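Only one structure is covered here, and it is reproduced in the block below.
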2 protein chains.
Amino acid sequence: MEFDQLAEALKALGDPTRLKIVALLQTRDCCVCELVPMFGISQPAISKHMSRLKTSGLVKETRKGMWVFYSLNRERLNEIGLSLANLPDLSEELRQLEQKGMLVQCE
Amino acid sequence: MEFDQLAEALKALGDPTRLKIVALLQTRDCCVCELVPMFGISQPAISKHMSRLKTSGLVKETRKGMWVFYSLNRERLNEIGLSLANLPDLSEELRQLEQKGMLVQCE
DNA sequence: AGACTACATAACCGTATGGTTATATTGTTT
DNA sequence: AAACAATATAACCATACGGTTATGTAGTCT
């Protein structure tokens with residue numbers, strides 16, 4: 001995964017409310033009206049959080065009558081964790097920069 | 001790890017520049033003056049990024065003469081990855097909320 | 001059709017963020 | 001001591017963020 005995309009995903013997870021929502025969705029799917037009383041913030045606030053989680057691929061929505069059920073995209077969450085545990089090796093880029101003299105080796 | 005603390009760490013990683021710095025530090029320690037030309041942003045900008053990474057425990061600094069070498073705290077990075085892969089199970093909290101009737105079970 | 005419910009979107013607001021330039025601060029060198 | 005180099009801090013700025021209230025939209029139920 002590219003840095004920009006991974007950073008975007010990490011930023012989506014880097015909010016306590018969204019992080020807890022993701023944890024909740026591990027247990028079971030939830031609709032917005034369930035999440036509102038849990039977090040004590042307004043319905044639009046929850047909607048925006050869900051929208052952001054959806055944009056970064058962490059959550060899928062399923063319309064069911066009036067309700068919109070959000071479910072966790074476990075593969076995506078797993079992928080982010082793996083990317084974080086396995087960040088790209090930039091030693092080659094470092095070597096090239098050093099060769100071009102663009103990199104001062106301090107010490 | 002608590003949600004707030006983990007979210008804080010994820011937010012620290014949720015910036016492309018900082019994420020790439022962390023990846024670079026996997027290869028070798030760097031001082032600020034090396035990072036500046038790599039990213040094409042100002043020295044204070046790099047300093048602030050390093051400060052933030054240090055605050056969230058992802059990076060350690062070692063003063064060596066004029067330079068400050070930053071090194072990756074691999075344990076910390078690992079810990080964050082593990083926390084993300086192993087988010088708390090909130091099923092008990094969900095159950096309690098349902099018992100109190102504070103949670104509408106939709107459908 | 002009309003009222004109601006769940007959700008999304010819009011407009012707004014205070015604060016955080018990521019950058020800048022200017023100015024300490026600290027160590028090195030002559 | 002004076003000049004210089006590397007880093008940090010301060011002050012500032014535009015944009016992003018996380019919340020709010022108000023309003024639109026779509027499905028449900030008499």
Side-chain angles (χ1 to χ4, degrees), chain A residues 3-22 24-25 29-56 58-71 102-107, chain B residues 3-22 24-25 29-56 58-71 102-107:
Chain A
F3 285 109
D4 286 355
Q5 206 183 339
L6 177 56
E8 185 55 41
L10 292 172
K11 196 150 52 171
L13 288 166
D15 172 84
T17 301
R18 284 195 295 268
L19 193 56
K20 196 162 185 179
I21 289 176
V22 166
L24 277 169
L25 294 181
D29 297 357
C30 290
C31 55
V32 174
C33 63
E34 288 178 313
L35 295 170
V36 170
M38 285 193 233
F39 288 93
I41 58 179
S42 67
Q43 171 264 313
I46 296 285
S47 267
K48 282 208 291 186
H49 281 309
M50 300 318 291
S51 170
R52 172 128 202 199
L53 288 173
K54 201 175 64 174
T55 296
S56 50
L58 276 158
V59 136
K60 285 177 294 189
E61 74 175 32
T62 310
R63 302 193 157 266
K64 214 173 222 175
M66 285 187 301
W67 299 285
V68 176
F69 282 85
Y70 285 97
S71 57
M102 297 195 56
L103 195 51
V104 188
Q105 174 77 6
C106 292
E107 177 222 8
Chain B
F3 285 110
D4 286 354
Q5 206 183 340
L6 178 55
E8 186 54 41
L10 291 172
K11 196 148 54 169
L13 288 166
D15 171 84
T17 300
R18 284 193 296 268
L19 193 56
K20 195 163 185 180
I21 288 176
V22 166
L24 277 168
L25 293 181
D29 297 356
C30 290
C31 56
V32 174
C33 64
E34 289 178 311
L35 295 170
V36 169
M38 286 194 231
F39 288 93
I41 59 180
S42 68
Q43 171 264 314
I46 296 285
S47 266
K48 283 208 292 185
H49 281 308
M50 299 319 290
S51 172
R52 173 129 203 197
L53 287 174
K54 200 175 65 174
T55 296
S56 50
L58 276 158
V59 136
K60 286 177 294 190
E61 73 175 33
T62 310
R63 302 192 157 265
K64 212 172 223 174
M66 283 187 299
W67 300 285
V68 176
F69 282 85
Y70 285 97
S71 57
M102 295 194 56
L103 196 51
V104 188
Q105 172 78 4
C106 291
E107 178 219 7

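Fair warning: this is a prediction, and the values are worked out from it, not measured in the lab. Just so we're on the same page: letters track the sequence lines, and every chain starts at 1.
Between the side chain of A/T55 and the backbone N or O of A/S51, at least one donor-acceptor pair lies under 3.5 Å.
Nucleotide C/dT17 holds its C1' atom 14 Å from the CD atom of A/E8, rounded to whole Å. The nearest whole Å value for the distance from the NE2 atom in B/H49 to the C1' atom in C/dT20 is 12 Å. A/I21 has its CD1 atom 13 Å from the P atom of C/dC7, to the nearest Å. Here C/dC7 presents its P atom at 14 Å from CD1 of A/I41, a figure rounded to the nearest Å. Between the CZ atom of A/F69 and the P atom of C/dA8 there is a distance of 13 Å, rounded to whole Å. Here C/dG18 presents its C1' atom at 13 Å from CG of B/L53, a figure rounded to the nearest Å. When the P atom of C/dT17 is taken as reference, atom CG of B/L19 falls 17 Å away, rounded to whole Å. In this structure, the CG atom of A/L35 is 13 Å from the P atom of C/dA6, given to the nearest Å.
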Legend entry - Sequence-aligned protein contact record of nucleotides 21-30 of chain C, with B where the base is within under 4.0 Å of a protein heavy atom and S where only the sugar-phosphate is: BB----SS--
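Minimum interatomic distance between B/A12 and B/L53 (heavy atoms only, all atoms of both residues): O-CD2, 4.2 Å. The two residues B/D4 and A/P16 come nearest to each other via the heavy atoms OD1-CB, 3.3 Å. Closest approach of A/W67 and A/C31 over heavy atoms only: CD1-SG, 4.0 Å.
Annotation: side chain of B/K48 is not in contact with side chain of B/R18 (no heavy-atom distance under 4.5 Å).
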Inset, instruction - Would you please test A/L24 and A/M38 for side-chain contact (heavy atoms from CB on, under 4.5 Å) and show each step? - result: CA-CA 10 Å; A/L24 277 169; A/M38 285 193 233; 3.7 Å; yes
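A 4.0 Å heavy-atom criterion places the boundary nucleotides of DNA chain D facing chain A at D/dC17 to D/dT28, written 5' to 3'.
Applying the salt bridge (Lys or Arg N to Asp or Glu O under 4.0 Å) test to residues at least two apart or on different chains, none of the pairs has a partner in residues 36-45 of chain A.
Residue A/Y70 places no side-chain N or O under 4.0 Å from the OP1 or OP2 atom of C/dA6.
Here CG of A/L25 is found 7.0 Å from CG of A/L35. Values are rounded to the nearest 0.5 Å.
With B/Y70 as reference, B/M50 is the one residue of B/M50, B/E34, B/H49 to meet the side-chain contact (heavy atoms from CB on, under 4.5 Å) rule.
Comparing A/K11 and A/E61 against DNA chain C, the residue whose closest nucleotide sits nearer the 5' end is A/E61.
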